[in-house]
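Just below is one structure, and these are the notes that go with it.
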Amino acid sequence: MIIVLIVSLLIVNFDDQEQKVIKYFPLDEATEFVNYSSNLTLLSETDVDSYKVQWDVQSNLEDSIYLRQDVSLLFVDGKLKGLLNQWKENANKLKQQTLLNGEDSSHYEAITFHHGEIHYPDDVIKSIQVMSHDELYVVDSPHSPLESFKEPADAFEKEWKKTLNHTKLQALNHYWNELMEHYELSSDDYLEIPLSDLWQYQQETFPTLTQEQTNQVIGQLWEGLYKNYITGIKSHQDQEYHAINTYMPLILIDKNGQFIYVLFRDGSGQNHRLIQRIPEFT
């Protein structure tokens, strides 16, 4: 299935608004993805003030399983600007494609959670999961031709990467520090992970955990993010806000291996903290 939208950096596409659950089950070691990816590509300049970026998400299994789901988040300069979500029953392949209009020099980051449920006899349910990621730096300057890169290849691109990262991190660090201070948390006690960097922990472990345990905790973390952030943020007045245009959440992993916090702020300015207990692994 290919979904094509042309908008100005505001995408919310859910195949089914009632699909509010990603559920973690014990991971199935017998099934794995054949391939999976998130990809960002600069297509063309539409006029002197804008350009088009293509955002692709796909994943593929050898055989169909009970439920397949891919949910992808697009951050631009540290703010959530797009959500893609697709789920199918009795499927092995998912594909989503979106076009969007961009303006000015920006840093694009996409992170996707590819997920599936496998149902076995005797009510045995297992899940599969993997994350993919891509980023794109777009240089839209009146002093140079429009261009993009993923990794800088020369001094010009290195300088632009440094500039765009500095601008983004300056805003995010200020935002995250405000949240840390609000909840009276010290950075000395936590491993701090921007949401767009979570994919790296498929090959790295959380404090005190093995890789297998880390993978389980990541699956449970996406379950909570999907319910409490991706599909809508419940405010303290029992109103619900879209996460679009909010700054990137910060994930805090307790260095003692007891719990995880996810910090973010909704569109009304209210602070939120999700709390996830890390299981006592034996």
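Starting from 1, each residue takes its place in the sequence as its number.
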Are [X] and [Y] linked by a side-chain donor-acceptor pair shorter than 3.5 Å?
X      : Y      : answer
Ser132 : His114 : yes
Tyr201 : Gln203 : no
Asp56  : Gln54  : yes
Asn92  : Glu62  : no
His115 : Asp70  : no
Ser37  : Gln58  : yes

Give a yes or no on whether [X] and [Y] share a hydrophobic cluster (residues Ile, Leu, Val, Met, Phe, Trp, Tyr; joining criterion: side-chain heavy atoms under 4.5 Å apart).
X      : Y      : answer
Leu172 : Leu263 : yes
Leu185 : Leu179 : yes
Ile244 : Val262 : yes
Trp55  : Leu42  : yes
Val130 : Trp222 : no

Does the side chain of [X] reach to within under 4.5 Å of the side chain of [Y], using non-hydrogen atoms?
X      : Y      : answer
Leu221 : Leu198 : yes
Leu136 : Lys150 : yes
Gln276 : Val217 : yes
Val21  : Tyr226 : no
Gln69  : Asn85  : yes
Pro26  : Gln216 : no
Lys161 : Glu151 : yes
Tyr137 : Trp160 : no

Is there a donor-acceptor contact under 3.5 Å from the side chain of [X] to the main chain of [Y]?
X      : Y      : value
Ser59  : Tyr36  : no
Asp154 : Phe156 : yes
Gln129 : Asn215 : yes
Thr41  : Leu43  : no
Asp197 : Ile193 : no
Asp134 : Leu40  : yes
Thr214 : Phe206 : yes
Gln211 : Gln202 : yes
Gln270 : Asp266 : no
Thr246 : Gly267 : no

| said: Tell me if the aromatic rings of Tyr261 and Tyr183 count as close, with their centers under 6.0 Å from one another. | reply: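 No: the rings miss the under 6.0 Å criterion.
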| said: Ring centres under 6.0 Å, that's the criterion: do Tyr108 and Phe75 meet it? | reply: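 Centroid distance Tyr108-Phe75: not below 6.0 Å, so no.
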| task | Give the intermediate values and the outcome of salt bridge (charged side-chain N to carboxylate O under 4.0 Å, His left out) for residues Glu109 and Lys81. | result | CA-CA 10 Å; Glu109 297 173 276; Lys81 292 295 184 176; over 6 Å; no
So, taking the atom named [atom1] in [X] and the one named [atom2] in [Y], what distance separates them when rounded to the nearest 0.5 Å?
X      : Y      : atom1 : atom2 : answer
Glu32  : Leu61  : CD    : CG    : 9.5 Å
Ile65  : Ile118 : CD1   : CD1   : 4.5 Å
Met180 : Asn173 : CE    : CG    : 11.0 Å
Gln170 : Asn165 : CD    : CG    : 12.5 Å
Leu164 : Ser105 : CG    : OG    : 6.0 Å
Asn101 : Tyr51  : CG    : OH    : 10.0 Å

Do the charged groups of [X] and [Y] touch, with an N to O distance under 4.0 Å?
X      : Y      : value
Arg265 : Glu178 : yes
Asp77  : Lys79  : no
Lys23  : Glu117 : no

Closest contact, heavy atoms only, [X] versus [Y]:
X      : Y      : value
Leu191 : Pro207 : CD2-CD, 3.8 Å
Leu80  : Gly82  : CD1-O, 3.5 Å
Pro194 : Glu192 : CD-O, 4.0 Å
Ala91  : Arg68  : O-CG, 3.1 Å
Leu274 : Gly224 : CD1-O, 4.2 Å
Glu157 : Ala153 : OE1-N, 2.7 Å

Does [atom1] belonging to [X] count more than 12 external heavy atoms closer than 6.0 Å?
X      : atom1 : answer
Glu212 : CD    : no
Arg273 : CZ    : yes
Glu204 : CD    : yes

| message | Checking Leu84 against Thr98 for the side chain to side chain contact (heavy atoms under 4.5 Å, CB included) test, could you report, in this order, the C-alpha distance in whole Å, the side-chain angles of both residues, the deciding distance, and whether it holds? | response | CA-CA 9 Å; Leu84 287 177; Thr98 297; 3.4 Å; yes
| query | Could you go step by step and tell me if Ile233 and Phe264 meet the side chain to side chain contact (heavy atoms under 4.5 Å, CB included) rule? | reply | CA-CA 10 Å; Ile233 304 170; Phe264 55 90; 3.7 Å; yes
| task | Using the side chain to side chain contact (heavy atoms under 4.5 Å, CB included) rule, take Leu73 and Ile230 through it: C-alpha gap first, then chi angles, then the decisive distance, then the call. | result | CA-CA 8 Å; Leu73 292 79; Ile230 294 170; 3.9 Å; yes
Would you mind writing out the side-chain donor-acceptor pairs for residues 247-260 within the sub-3.5 Å range, not counting sequence neighbours?
unit_1	atom_1	unit_2	atom_2	d
Asp254	OD1	Asn256	N	3.1
Asp254	OD2	Gln258	N	3.0
Lys255	NZ	Asp188	O	3.1

| task | Let me see the working for Gln96 and Ser72 under side chain to side chain contact (heavy atoms under 4.5 Å, CB included), right down to the final yes or no. | result | CA-CA 10 Å; Gln96 301 174 82; Ser72 188; 5.6 Å; no
| said: Tell me whether the rings of Tyr66 and His119 are parallel (<30°), tilted (30 to 60°) or perpendicular (>60°). | reply: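 Taking His119 first and then Tyr66, their aromatic rings lie parallel (interplane angle under 30°).
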